[in-house]
Protein chains: 2
Amino acid sequence: MLPTLEEFLIQLRNKKFRLSKERLNTLKYLYENQCHPTADQIHNALHKDMPSLSKTTIYNTLNALVKIKAVRAISIQDNEIRYDIIVKNHGHFKCECCGTIFNFEISIDDFPSHRLEGFQINDRNVCFKGICPRCLLNKNNSD
Amino acid sequence: MLPTLEEFLIQLRNKKFRLSKERLNTLKYLYENQCHPTADQIHNALHKDMPSLSKTTIYNTLNALVKIKAVRAISIQDNEIRYDIIVKNHGHFKCECCGTIFNFEISIDDFPSHRLEGFQINDRNVCFKGICPRCLLNKNNSD
DNA sequence: GTTCCTGCAAAAGCTTTGCAGAAGA
DNA sequence: TCTTCTGCAAAGCTTTTGCAGGAAC
């Protein structure tokens, strides 16, 4: 469903998206870590190998990618924005305990929306919250 | 489905939630304006009749209500938190043009979640984005 | 050679915190 | 009376903006 990184980069180049090494690394990170990172998480991860990398550049890159619809910005809670290489048909589950966001398969396009006649739907999001299996286990063990 | 405001207030009182006039007005606003306002919108609306009302108090009230699960905090996008008297079985539609958030009926509880076995689901959210009928109309008229 | 990107510093928003005085139960 | 709320000021975070130098095409 998701193209290879190379195919993805070609698509971006066709959209006149300039591929600096900062942008390449950001894309590579998003591609390899489909864990819905925040801008800060991306910056922390890339900073090790690119000490000069600025957070402004991360924001600039992410905003540019969102604008050309190559990446989706989701805000599930906590006033923080998370970024996601676009993959179809999935929902998000955020663990209220460890903060991890999980994807799960769901055919959102089949989702009934007969109550929205007259609306133009551009984006569909399904976000659940709760506690993930690992945190449930830890909780039970500590009881 | 939603209890009357009076019933709602009794429930809160039972939860040891103190009903100052600032809190009463905030609750009344949330009850009468189920439009998912931001803290700022609530403050603006109430400020007219209560010039001394502070935003800190709005935040305090909203956070307290969220903690006792009388109100839900949703973040759909734009790094802003919106607040919602809890009503079951509805989804949200945010117009990307005018920013309005619409409710629509949807049985979220029946939503298939067989991919989430082992997860404890506490909250389910469905958020669509797009353009509302009124903005679509304005757009067509200006073409 | 243009155009656009990078990164610093500063600014802008929204939300939280500390604290003294005031109000609810 | 005791506990909790209010509101000011200040701080904390995340994100955006302005701008000069530098890199991509």
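Per chain, numbering begins at 1; letters A, B, ... match sequence-line order. Just so it is clear, the model here is predicted, and its values are computed rather than measured. Every heavy atom of this structure was used, including side-chain atoms; hydrogens, water molecules and symmetry mates were not.
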Between the two ends of the helix from C/dG1-D/dC25 to C/dA25-D/dT1, what is the bend in degrees, rounded to 10 degrees, where each end axis spans five pairs?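 Computed angle between terminal axes is 50°.
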Give every donor-acceptor pair under 3.5 Å between a side-chain atom in residues 44-52 of chain B and any protein atom, sequence neighbours left out.
none

Check: [X] side chain, [Y] main-chain N or O, donor-acceptor pair, under 3.5 Å:
{"X": "A/Asn33", "Y": "A/Tyr29", "value": "yes"}
{"X": "A/Arg13", "Y": "A/Leu19", "value": "no"}
{"X": "B/Gln11", "Y": "B/Phe8", "value": "no"}

Contact check, side chains of [X] and [Y], non-hydrogen atoms, under 4.5 Å:
{"X": "B/Thr26", "Y": "B/Thr57", "result": "no"}
{"X": "B/Phe93", "Y": "B/Val126", "result": "no"}
{"X": "A/Ile42", "Y": "A/Thr61", "result": "no"}

B/His92: ring-ring contact (aromatic ring centres under 6.0 Å, His included) partners, not counting sequence neighbours: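 Partners of B/His92 under the ring-ring contact (aromatic ring centres under 6.0 Å, His included) test: B/His36, B/His90.
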My understanding is that only residues two or more places apart in sequence, or in another chain, count here; which of them pass ring-ring contact (aromatic ring centres under 6.0 Å, His included) with A/Phe102?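 For A/Phe102, the residues satisfying ring-ring contact (aromatic ring centres under 6.0 Å, His included) (neighbours in sequence not counted) are B/Phe119.
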Rounded to the nearest angstrom, tell me the gap between atom [atom1] in [X] and atom [atom2] in [N].
{"X": "B/Gln41", "N": "C/dT15", "atom1": "CD", "atom2": "P", "answer": "11 Å"}
{"X": "B/Ile81", "N": "D/dC13", "atom1": "CD1", "atom2": "C1'", "answer": "12 Å"}
{"X": "A/His43", "N": "D/dC13", "atom1": "NE2", "atom2": "P", "answer": "16 Å"}
{"X": "A/Leu53", "N": "C/dC5", "atom1": "CG", "atom2": "C1'", "answer": "12 Å"}
{"X": "B/Leu12", "N": "D/dT4", "atom1": "CG", "atom2": "P", "answer": "17 Å"}
{"X": "A/Leu46", "N": "C/dT6", "atom1": "CG", "atom2": "C1'", "answer": "15 Å"}
{"X": "A/Tyr83", "N": "D/dT14", "atom1": "OH", "atom2": "P", "answer": "12 Å"}
{"X": "A/Arg82", "N": "D/dT15", "atom1": "CZ", "atom2": "P", "answer": "10 Å"}

Nearest to the side chain of B/Arg13 - C/dA25, D/dT15, D/dG7?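 When the side chain of B/Arg13 is considered, C/dA25 is the closest of C/dA25, D/dT15, D/dG7.
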Just compare C/dT15, C/dC5, D/dG7 and give me whichever is closest to any side-chain atom of B/Ser52.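 Side chain of B/Ser52 sits closest to D/dG7.
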Selection: residues 55-64 of chain A, any non-hydrogen atom under 4.0 Å of DNA chain C: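 Residues of residues 55-64 of chain A that come under 4.0 Å of DNA chain C are, in numerical order, A/Thr56, A/Thr57, A/Asn60.
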Which of residues 14-22 of chain A sit near DNA chain D, with a heavy atom under 4.0 Å from it?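 Only A/Arg18, A/Leu19 qualify.
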Where is the tightest heavy-atom contact between A/Cys35 and A/Arg82, given as atom of each residue plus distance?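 For A/Cys35 and A/Arg82, the tightest heavy-atom pair comes out as O-NH1, 4.2 Å.
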Answer with yes or no whether the hydrophobic clustering places B/Leu12 together with B/Ile10; edges join I, L, V, M, F, W, Y residues whose side-chain heavy atoms lie under 4.5 Å apart.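 Cluster IDs for B/Leu12 and B/Ile10 differ.
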